[in-house]
Colleague: 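There's a structure below that I have some questions on.
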Protein chains: 2
Amino acid sequence: MHEIRLTGALDPRGGWAAAACPIGRTLEVVGTRSAMLLLREAFYGTTRFDDFAERVGISQPVAAARLRELVDEGLLEREPYQEPGQRARMQYRLTDKGADLFPALVALMQWGQRWLGPSGVELRHRDCGQPVRAELRCADGHPVPVDEVDLATAG
Amino acid sequence: MHEIRLTGALDPRGGWAAAACPIGRTLEVVGTRSAMLLLREAFYGTTRFDDFAERVGISQPVAAARLRELVDEGLLEREPYQEPGQRARMQYRLTDKGADLFPALVALMQWGQRWLGPSGVELRHRDCGQPVRAELRCADGHPVPVDEVDLATAG
DNA sequence: CAGGATCCCTAAGGATACTG
DNA sequence: CAGTATCCTTAGGGATCCTG
């Protein structure tokens, strides 16, 4: 049993899900492969246009289009910067909104490691050196397995 | 500062990321909008073909193609079942591999709630009634903010 | 109910060439 | 370096009709 449980009068069956579901709306913003991978690169510290395109492995036109969308959506900010003695350049940096997607990327990463084979890299907590994992907890701090989750009306 | 830190000899800049990155490989499997939403429906307890297509809001041909891919990849299993007095039907159920994507979906859902506006539903822990969240913790149980994460070679 | 077949449209993305 | 412009291919997805 891997399903979550639906409670009360709530009934996503019938259609609210398609339009209002926050997963669907999120995927409207970052639902493409290139968008996700560009964000990954941003977490890796990449800031420059050419590096984004090369490291993600996408063409420059695609990188330009996707980066502009991410900037328009407020996940990245584009700003000029200038090192002394150099000419001005552009850099892309994660906003708070963009950085808040990190748990989702970590969750995807750890699923890939577990089910598609190890990749030779891992995330660690700087303070203690232990691996970092994305996990579900309730506000009381209890770990929550899938089958203990209810989907309920908010408020 | 929202970047993670790269340690040691590791240097994803230059190309390992594109091919070996577990995020990229994961997105090869569930990187389409329809795949993600079908999995969401599976977590909601949907099991039948027509319901998947209707609730996700995709056409039947697309639902058929995507479901078959998810079955082929081992995230769903397709099996006939029969209620007494009824004719045989097909159902799709999450495997352990599929169910293990739940933290990723929760992370996407909570990002949508926070940055794109509330949706009127939320996930709660059945035992205590508290909201459920996807968060990053190290193996010692410490919550880990983005800027305390290192990307290191595994092992 | 659970699809398959067919046709069509659009969006994602690559290749190449060019510019401030 | 940081793109834009142009052209092209492919994949995602919708609509309609049909079948066991």
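Labels below follow one simple rule: chain letters A, B, ... track the order of the sequence lines, proteins then strands, and each chain is numbered from 1.
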Colleague: Return the value, rounded to whole Å, for the distance between atom CZ of A/Phe49 and atom P of C/dG20.
Modeller: 17 Å
Colleague: Summarise protein proximity over nucleotides 13-20 of chain D in one line of letters, 5' to 3': B for base, S for sugar-phosphate only, - for none, counting protein heavy atoms closer than 4.0 Å.
Modeller: BBBB----
Colleague: Just checking A/Tyr92: base, sugar-phosphate only, or nothing, at a heavy-atom cut-off of under 4.0 Å?
Modeller: sugar-phosphate
Colleague: Can a salt bridge be assigned to the pair B/Arg93 and A/Glu3 using a cut-off of 4.0 Å between side-chain N and carboxylate O?
Modeller: yes
Colleague: Where do A/Phe102 and A/Phe43 land on the ring-ring contact (aromatic ring centres under 6.0 Å, His included) test, with the steps shown first?
Modeller: CA-CA 8 Å; A/Phe102 194 53; A/Phe43 283 110; 4.5 Å; yes
Colleague: To the nearest Å, give me how far apart CG (A/Leu67) and C1' (C/dA12) are.
Modeller: 15 Å
Colleague: Over how many whole Å does the gap from A/Met36 atom CE to C/dG13 atom P extend?
Modeller: 12 Å
Colleague: Whole angstroms only, please: what is the CZ-C1' distance between B/Arg89 and C/dG3?
Modeller: 14 Å
Colleague: Looking at the side chain of A/Arg48, which of D/dC1, C/dA2, D/dG3 is the nearest nucleotide?
Modeller: D/dC1
Colleague: For a quick test of reading the model: is some side-chain N or O of B/Arg68 closer than 4.0 Å to OP1 or OP2 of C/dG4?
Modeller: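 Checking B/Arg68 against C/dG4: at least one side-chain N or O falls below 4.0 Å of OP1 or OP2.
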Colleague: Hey, is A/Glu122 close enough to A/Arg124 for a salt bridge, meaning N to O under 4.0 Å?
Modeller: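 Yes.
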Colleague: May I have the distance from A/Gln91 (atom CD) to D/dG3 (atom P), rounded to whole angstrom?
Modeller: 12 Å
Colleague: On DNA chain D, does the nearest nucleotide to A/Asp50 precede the nearest nucleotide to A/Ala64 from the 5' side, or the other way round? Give the residue.
Modeller: A/Asp50
Colleague: Whole angstrom is fine here: how far is it from CD in B/Glu69 over to C1' in D/dA11?
Modeller: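 Atom CD in B/Glu69 sits about 10 Å away from atom C1' in D/dA11.
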Colleague: Judged by modelled atom types alone, do B/Arg55 and B/Thr46 share a side-chain donor-acceptor pair under 3.5 Å?
Modeller: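 Side chains of B/Arg55 and B/Thr46: pair found under 3.5 Å.
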Colleague: For the residue pair B/His2 / A/Asp96, report whether a side-chain donor-acceptor contact shorter than 3.5 Å exists.
Modeller: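 Looking only at side-chain atoms, B/His2 and A/Asp96 do form a donor-acceptor pair, the distance falling under 3.5 Å.
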Colleague: Return the value, rounded to whole Å, for the distance between atom CG of A/Leu70 and atom P of C/dA12.
Modeller: 12 Å
Colleague: Report the distance from atom CG of B/Leu38 to atom P of D/dG12, rounded to the nearest whole Å.
Modeller: 13 Å
Colleague: Could B/Arg33 and A/Glu28 be called an ion pair, given the rule that one side-chain N must be under 4.0 Å from one carboxylate O?
Modeller: yes
Colleague: If only atom types and distance count, is the side chain of B/Arg25 paired as donor or acceptor with the main-chain N or O of A/Gly117 below 3.5 Å?
Modeller: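 Judged by distance alone, yes, a pair lies under 3.5 Å.
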